[in-house]
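A short write-up of the structure that comes next.
Convention: sequence-line order gives letters A, B, ...; per-chain numbering from 1.
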There are 2 protein chains.
Amino acid sequence: MASTGDDRRPKYQRIADSLREAIQSGEYGPGDRLPGENDLIAEHGVARMTARQALGVLKDEGLAESRKGAGVFVRSFRPLRRRGIQRLSQEQWGSGRSIWSADIETRTLTVDQVAVSEEAAPEHVDRVLDLGQGETVCVRRRRFVLDEKPVMFATSYLPTSVVAGSAITQKDTGPGGTYARLAELGYKPVHFREEIRSRMPTRDEAQQLGISAGTPVILICRTAFADEGRPVEINEMTLDAASYVLEYDFDA
Amino acid sequence: MASTGDDRRPKYQRIADSLREAIQSGEYGPGDRLPGENDLIAEHGVARMTARQALGVLKDEGLAESRKGAGVFVRSFRPLRRRGIQRLSQEQWGSGRSIWSADIETRTLTVDQVAVSEEAAPEHVDRVLDLGQGETVCVRRRRFVLDEKPVMFATSYLPTSVVAGSAITQKDTGPGGTYARLAELGYKPVHFREEIRSRMPTRDEAQQLGISAGTPVILICRTAFADEGRPVEINEMTLDAASYVLEYDFDA
DNA sequence: CCTCTCAACATCTCTAGACATCTTGCTTGA
DNA sequence: TCAAGCAAGATGTCTAGAGATGTTGAGAGG
């Protein structure tokens, strides 16, 4: 099937490769329109499904995205910077500022949806927060949007026995946020662990974050510890990988 | 086109959804064989391309992978844990152990390929390591394999003016590795910055890591600083996201 | 008992169409 | 001048095939 002699790549791969090179060489910049199905059919003399397969490769790689009825376009990558350590130093959350204020540069990151409820702890949460028999947790779910686009959602779990009656169980936790309130309750977080992994989004995640094909999510699970190693919060975050760069600074 | 009344999802999505539920409910466990193209054609009465499209959804999500001639199988997720902070504390690399020894649990992570060369610095490296006019860098490229499978490759850049003549320019850097040698040269790393992002792999990366479709890569760019904020090393790592969980521990 | 060969079966690539649905811009009418 | 409507063009979904290529296991032969 190879039309150019000993080239053993399938047709769709050769078409995808040539488009990829054109993108990486700068021939097509972010936001530019790429040759569509009909262009590739005419240019390479292939069937429509083959042209679609070639474009599918680029979409799966996160290099391009298609808009039905409009065309195929080069994607752009302009991430936020999330600092994992200084953000949580006491000067930050002790002074009335949200810990997220360090994340935003000139663009504004805002909370889109908040829901607070008291629930039974999921199994993996129960295992980490050593809860009493049948003890429930306070669950805080939030979604963050940047320039109209959702970029992250986060779910926090806190033991009811710790936070009952405080502003943590309200939608607005007040100045300094959850960690300032925990400090007032005598459970000042002194140590954090963040665990990070990445995978492709589930259907729900892709929908909630408005993620296009070929974009992974980053999962961060943060555990906050008070004195004597008492875990007081688990925060599971799901980030649009195309919107974030994480940064961790530390000394040897 | 929906055959079951008011279900507006396309056929391939409904097939994919039913398979996904079957996987997540445990009906198919890791490594199990899923119904293949022919099974889906017979079971749902669809064309081959439609059945392929359904299986493609699961492959893109990283839930399944196909082996040509054999079938489609449920993927497993059994990651390594990479600790980002304790690993680099002086007790670790000062005592003759490789900094990677903290990564392995019972399985063995080994270096597969090593290449050392002297090159002109890429633009983004030159910008960070404040190099002299025309100064070259020592480039160390390594690939790491776990149980025969490559899971990461790393490229380190160090200023030639710092490392010339030391064991860092050799394939074997000796006990304690690069950081112990830097300390001996008077450039002991005292501070680190790691920047993390995630995206789908390029063709080359997918080939080098043996990555199957639907698996992202994690990119870690670590900068090591000696006294007075002098950057002495940039290490760009590319990880198979299905093989790693990153962990960062730090105090408030 | 072991090894080699081969047929059955699996996915992969590709064709040539059809209809559906959404976007965009031009044309037409108020 | 502005807005509604419409048509062209774009991608999305789906069919019904065909040949290519890789895997696997059973059977034949040593």
Side-chain angles (χ1 to χ4, degrees), chain A residues 1-19 28 31-60 63-75 203 206-207 210 212-214, chain B residues 1-19 28 31-60 63-75 203 206-207 210 212-214:
Chain A
M1 282 295 170
S3 57
T4 57
D6 58 352
D7 193 339
R8 297 214 153 275
R9 286 175 300 174
K11 281 186 185 179
Y12 78 93
Q13 276 291 1
R14 275 185 283 128
I15 297 173
D17 289 350
S18 73
L19 284 175
Y28 300 101
D32 285 0
R33 189 177 188 288
L34 288 172
E37 297 176 3
N38 297 327
D39 303 297
L40 297 179
I41 290 167
E43 188 180 345
H44 295 90
V46 295
R48 202 156 90 86
M49 290 303 288
T50 306
R52 278 182 67 72
Q53 205 173 358
L55 293 170
V57 170
L58 299 182
K59 289 191 280 186
D60 285 346
L63 287 174
E65 76 190 322
S66 58
R67 294 207 306 272
K68 187 174 175 178
V72 184
F73 302 86
V74 179
R75 288 188 46 184
R203 239 176 112 66
Q207 197 166 11
S212 55
Chain B
M1 283 293 171
S3 56
T4 56
D6 58 353
D7 192 340
R8 298 216 151 274
R9 285 175 302 175
K11 281 186 185 178
Y12 78 92
Q13 276 290 3
R14 274 186 283 125
I15 297 173
D17 288 351
S18 73
L19 284 174
Y28 300 100
D32 283 0
R33 189 177 188 286
L34 288 172
E37 297 177 4
N38 298 325
D39 302 298
L40 297 179
I41 290 169
E43 188 180 346
H44 295 88
V46 296
R48 166 166 243 95
M49 292 302 289
T50 306
R52 280 182 64 72
Q53 207 172 358
L55 293 170
V57 170
L58 299 182
K59 287 192 282 186
D60 285 346
L63 287 174
E65 76 189 324
S66 57
R67 292 208 306 273
K68 187 172 174 179
V72 184
F73 302 86
V74 179
R75 286 188 45 184
R203 237 178 111 67
Q207 198 166 9
S212 54

Strictly below 4.0 Å: does A:Thr50 bring a side-chain N or O up to OP1 or OP2 of C:dT13?
no

How many angstroms lie between CD in B:Gln53 and CG in B:Leu58, if you round to the nearest 0.5 Å?
12.0 Å

Under the side chain to side chain contact (heavy atoms under 4.5 Å, CB included) rule, what do A:Arg203 and B:Gln13 come out as? Steps first, then yes or no, please.
CA-CA 10 Å; A:Arg203 239 176 112 66; B:Gln13 276 290 3; 3.1 Å; yes

Under a 3.5 Å cutoff, is there a donor and acceptor pairing between the side chains of A:Arg48 and A:Asn38?
no

Report the distance from atom CD of B:Glu37 to atom P of D:dG22, rounded to the nearest whole Å.
16 Å

B:Ala54 versus B:Tyr12, closest heavy-atom pair with distance:
CB-O, 3.5 Å

Using OP1 and OP2 only, check whether a side-chain N or O of A:Ser66 sits under 4.0 Å from D:dA10.
no

Nucleotide C:dC9, atom C1' - distance to CG of B:Leu34 in whole Å
17 Å

Contact under 4.0 Å: A:Arg52 side-chain N or O vs D:dT11 OP1/OP2
no

Between P on C:dA10 and CG on B:Leu55, what's the gap in Å once rounded to a whole number?
13 Å

The nucleotide from D:dG17, D:dT11, C:dC12 with an atom nearest the side chain of B:Lys59 is C:dC12

Name the closest nucleotide to the B:Gln53 side chain, picking from D:dG12, C:dT23, D:dT13.
D:dT13

Phosphate-side-chain proximity, B:Tyr12 and D:dT13, N/O vs OP1/OP2 below 4.0 Å:
yes

When you measure from the side chain of B:Ala47, which nucleotide among D:dA16, D:dA10, C:dC12 comes out closest?
D:dA16

In whole Å, what is the span from the NE2 atom of A:His44 to the P atom of C:dT13?
17 Å

hbond_proxy A:Arg48 side chain to D:dT13 base (donor-acceptor, 3.5 Å cutoff):
yes

Side chains of A:Leu40 and A:Leu19: does their closest heavy-atom pair fall under 4.5 Å?
yes

What's the CD-C1' distance between B:Glu65 and C:dC12, to the nearest Å?
16 Å

B:Arg67 CZ to C:dC9 P: how many Å, rounded?
19 Å

In whole Å, I'd like the distance from the CG atom of A:Asp39 to the P atom of D:dA10.
7 Å

Residue pair A:Ala70/A:Gly45 against DNA chain C: nearer the 5' end by closest nucleotide is A:Gly45

Measure from CE on A:Met49 to P on C:dA18 and round the result to the nearest Å.
16 Å

What nucleotide among D:dA10, C:dT13, C:dA10 has an atom nearest to a side-chain atom of B:Asn38?
C:dA10

So, does B:Lys11 get its side chain near the phosphate of D:dT15, meaning an N or O under 4.0 Å from OP1 or OP2?
yes

Listed nucleotide nearest any side-chain atom of A:Lys68, set C:dT21, D:dA10, C:dA10:
C:dT21

